[in-house]
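Keep in mind that what you see is a predicted model, and the values were worked out from it rather than measured. In what follows, chains are A, B, ... by sequence order, proteins preceding strands, each numbered from 1.
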There are 2 protein chains.
Amino acid sequence: MKLALNHKSPIPLHIQAEELLRKMIADPQFQNGKLLPNEIDLANQLAISRTTLRQALNKLVYEGLLIRKKGVGTKVADAMISSKSANWLSFSQEMKARGIPIKNFELHVSWIYPEEVIANFFNIKTDQKILKLERLRGKPEGPFVYFVSYFHPRTGLTGEEDFKRPLYDILQADYNIISELSKEEISAKAADKFIASKLETEPGSPILFRKRFVFDQADRPIEYNLGYYKADSFIYTVESRRS
Amino acid sequence: MKLALNHKSPIPLHIQAEELLRKMIADPQFQNGKLLPNEIDLANQLAISRTTLRQALNKLVYEGLLIRKKGVGTKVADAMISSKSANWLSFSQEMKARGIPIKNFELHVSWIYPEEVIANFFNIKTDQKILKLERLRGKPEGPFVYFVSYFHPRTGLTGEEDFKRPLYDILQADYNIISELSKEEISAKAADKFIASKLETEPGSPILFRKRFVFDQADRPIEYNLGYYKADSFIYTVESRRS
DNA sequence: GAACCAAATATGTACAAACATAGTGATTTA
DNA sequence: TAAATCACTATGTTTGTACATATTTGGTTC
C-alpha cells in the first residue's frame with residue numbers, strides 16, 4: 001500500500017489521512033486484530049504531525065471502525081456485521097467501509113397489490129399496485145440477509161432502476177426524495193420454511209427480524225422494509241444518551 | 001452558569017469541558033440558534049488551551065449536538081436525534097406504561113470475579129470481585145426475559161439493596177450515579193440449555209439478545225448488562241432522524 | 001444609495017514539544 | 001522460583017503558536 005499524502009492538494013491533510021486509514025481498515029492485512037502502524041511512525045511516513053494523524057484516527061474511532069488501547073496500539077474493530085442507528089450509510093456502503101465483501105444473490109422486482117398493513121401505512125387503496133423489491137445478500141460464502149421493500153407510488157420508481165446502486169442514492173439523486181426519518185422494530189423469530197430456504201438454514205433457526213418504516217422530508221411514508229438476518233451474522237447497535 | 005474546571009482533578013480537562021458543554025447545550029440560554037461563546041474566549045474562561053476545548057467540541061460535533069460554522073460560530077443543533085423514546089424507562093416502568101403486569105420470578109445477587117471481557121470494559125483486574133445481579137422476569141403466565149447485570153465497583157453497590165426498586169433509581173438516588181450513555185448491541189441467537197430452562201422454552205429456540213454498556217456522566221463504565229428475551233415477546237423500537 | 005474594499009471575527013488546519021499513563025516483557029531481587 | 005522492579009512502547013493529555021479561510025460588518029468611493 002502506498003503510504004503518502006499530497007501536501008500540495010487543497011484537500012486537508014487530516015481528510016487525506018482519514019481516506020487512507022479507511023483503505024487500511026478494508027485491507028485484509030490489518031484484519032483479525034493485527035495492529036496498525038503506531039501513530040508516530042505512521043505520522044512520519046505520511047510526513048504529517050502526530051496531531052494531524054490523530055485527528056483522522058479520532059474520527060474513525062468515533063465511528064467504531066478502530067479501537068485504540070493505551071500502551072498497546074490501534075487495531076481495526078472486529079468486522080462483525082453491524083449497523084449503527086442514526087447512521088445513514090446504506091447497507092453496501094457500510095459493509096464496504098468495513099472491508100466486508102458483499103455478494104448479491106438475488107434481486108427481484110415486481111408490482112403487487114399491497115396487503116392491508118402496507119396499504120394502511122402508505123394510506124392507499126389495496127387495489128393500487130405498488131413496487132416490491134426483494135433482495136438476497138450476503139458474503140461470498142452464502143447469504144445472510146433477505147430484504148423485502150415496498151415503495152409508495154409517490155417515489156416514482158418504475159422498477160427499471162439499477163438497484164445495484166444504493167437505494168437512498170437512487171431516491172435522492174433521481175427522484176429528489178430524501179429519507180429523513182426511519183422507525184424500526186427489531187425482534188427475534190424462528191425462520192419459516194421460505195426464509196430458511198432463502199438463507200440456506202434450517203426452519204426454526206433464529207432470525208433477527210427488522211421492520212423498517214421510512215419517511216421523507218415531509219414525514220410522508222415512502223418505504224416499508226422487512227429484513228431477515230441470519231442469527232449471529234448481524235448485530236444491531238444503538239447508542240442513546242439521556243438528555 | 002459557573003464556567004470553571006477543576007485543574008487538580010484526575011478527570012482530563014477535555015472530558016470536564018465536554019460535560020460542561022453538554023450542560024450548556026441543555027441550557028435554554030443557548031437554544032434556538034443562539035451562539036455559544038467563541039472558542040478563544042471560552043478556552044480562556046476555562047483556563048485551558050483552545051486545542052483542548054476543541055477536543056471537547058469535536059466530540060459533540062461528531063454526535064451531532066453542535067454545529068460549527070467557519071467565520072460565524074458554534075450553535076446547538078436543532079434537537080431530535082435518535083431513539084431515546086422508551087430507552088431510559090426502566091423495564092418495569094416501561095411494562096407498566098404498556099399495561100403489562102410484571103411478575104418477578106427470580107432475583108439473585110452474587111459477588112464474582114469478572115471474565116476478561118467485563119474486566120476489560122470496566123478497566124479493572126480480573127481478581128477484583130464485582131457485583132452480579134441475575135433476574136428472571138415476565139408475565140404472570142411465565143418468564144420471558146432473563147437479565148444479567150454486572151456493576152463496576154465505583155457504583156458502591158453492596159448487594160444489600162432492594163433490587164425491586166428500579167435500578168436507575170437506586171443508583172441515582174442512593175449513590176448519585178446517573179446513567180448517562182448507553183451503548184447496546186442487539187442480535188438474535190439460539191437459546192442454549194441454561195437459557196432455555198430459565199425461560200421455559202426449548203434449546204435452540206430463537207432469542208433476542210441484548211448486550212448493554214452503560215456509562216455515567218463522565219463516560220466511565222458502570223454497568224454491563226445482558227438481556228435474553230424470548231422471541232416475539234419483545235420488540236425493540238428505534239427511531240432515527242437524519243441530521 | 002449601491003458597489004466595493006478592508007478590518008474584525010470565528011472557526012479550520014497544522015506543527016512541535018512535553019509529559020502522563022497503561023500495558024508488555026525482560027531483568028533483578030527476595 | 002516467584003515476585004518486584006524497571007525499561008520500553010504506544011496511546012492519552014495538554015499547551016503554545018501560527019497561519020488559512022469563511023462570514024459579517026462597517027467604512028469609503030463612485
Side-chain angles (χ1 to χ4, degrees), chain A residues 5-21 24 30 33-62 65-77, chain B residues 5-21 24 30 33-62 65-77 116-117 119-128 218-221:
Chain A
L5 304 183
N6 179 3
H7 285 247
K8 299 281 164 71
S9 163
I11 298 170
L13 292 168
H14 74 270
I15 301 279
Q16 290 185 52
E18 186 192 328
E19 299 294 315
L20 195 141
L21 286 167
M24 292 173 78
F30 299 109
K34 249 163 285 169
L35 296 175
L36 297 187
N38 78 61
E39 295 179 352
I40 295 172
D41 288 351
L42 191 51
N44 286 337
Q45 265 187 77
L46 301 181
I48 58 178
S49 72
R50 188 176 161 218
T51 321
T52 302
L53 175 59
R54 274 178 72 82
Q55 214 175 132
L57 285 166
N58 280 335
K59 199 161 171 194
L60 298 168
V61 167
Y62 189 78
L65 292 169
L66 292 180
I67 292 176
R68 287 195 287 204
K69 210 164 177 188
K70 197 196 282 197
V72 181
T74 304
K75 62 169 185 173
V76 177
Chain B
L5 304 182
N6 179 3
H7 284 247
K8 299 279 164 71
S9 162
I11 298 171
L13 293 168
H14 74 270
I15 302 278
Q16 291 185 50
E18 186 193 327
E19 280 180 58
L20 194 140
L21 285 167
M24 293 173 76
F30 299 110
K34 248 164 285 169
L35 296 175
L36 297 187
N38 77 62
E39 296 180 352
I40 295 174
D41 288 350
L42 190 51
N44 286 337
Q45 264 188 78
L46 301 180
I48 58 178
S49 71
R50 188 178 158 216
T51 319
T52 302
L53 175 60
R54 274 179 71 83
Q55 218 174 130
L57 286 165
N58 279 333
K59 197 159 172 197
L60 299 169
V61 169
Y62 285 150
L65 292 169
L66 292 180
I67 292 176
R68 287 196 287 205
K69 209 166 175 188
K70 196 195 284 195
V72 181
T74 304
K75 62 169 186 174
V76 177
E116 194 78 35
V117 206
N120 214 40
F121 170 57
F122 281 165
N123 202 18
I124 59 174
K125 303 270 181 205
T126 47
D127 59 3
Q128 182 177 7
D219 278 3
R220 297 176 304 188

What's the [atom1]-[atom2] distance between [X] and [N], to the nearest Å?
| X | N | atom1 | atom2 | value |
| --- | --- | --- | --- | --- |
| B:Leu13 | C:dC19 | CG | P | 17 Å |
| A:Asp41 | D:dA10 | CG | P | 7 Å |
| B:Leu53 | D:dG16 | CG | P | 14 Å |
| A:Ile11 | C:dG12 | CD1 | P | 18 Å |
| B:Ile40 | C:dT13 | CD1 | C1' | 14 Å |
| A:Leu66 | D:dA10 | CG | P | 17 Å |
| A:Lys75 | D:dT11 | NZ | P | 13 Å |
| B:Lys70 | C:dT11 | NZ | P | 12 Å |

Can you tell which of [options] lies closest to the side chain of [X]?
| X | options | result |
| --- | --- | --- |
| A:Arg50 | D:dT11, C:dG23, C:dA14 | D:dT11 |
| A:Glu39 | D:dT14, D:dT11, C:dA10 | D:dT11 |
| B:Arg68 | D:dT13, C:dG12, C:dC15 | C:dG12 |
| A:Asn38 | C:dT11, D:dA10, C:dT13 | D:dA10 |

Handout entry: From CA spacing to verdict: side-chain hydrogen bond (donor to acceptor under 3.5 Å, both in side chains), A:Asn58, A:Arg68
Key = CA-CA 9 Å; A:Asn58 280 335; A:Arg68 287 195 287 204; 2.3 Å; yes
Using a cut-off of 4.0 Å on non-hydrogen atoms, how would the nucleic acid contact of [X] be classed: base, sugar-phosphate, or nothing?
| X | value |
| --- | --- |
| A:Thr52 | sugar-phosphate |
| B:Leu35 | nothing |
| A:Ala56 | nothing |

Handout entry: Check: A:Thr51 and B:Thr51 side chains under 4.5 Å, non-hydrogen atoms
Key =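 Sidechains of A:Thr51 and B:Thr51: no contact.
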Exercise for the section: Answer whether the closest heavy-atom distance between the side chains of A:Pro37 and A:Met24 falls below 4.5 Å. Expected result: yes
Completion exercise
To the nearest 0.5 Å, atom CG of B:Asn44 lies from atom CG of B:Asn38 at 9.0 Å
Practice task
Kindly say if A:Arg54 contacts the phosphate of D:dT11, meaning a side-chain N or O under 4.0 Å from OP1 or OP2.
Solution key: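 Result: no.
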Exercise for the section: Verify the neighbour count for atom NZ of B:Lys34: are there more than 12 heavy atoms of other residues, nucleotides or ligands below 6.0 Å? Expected result: yes
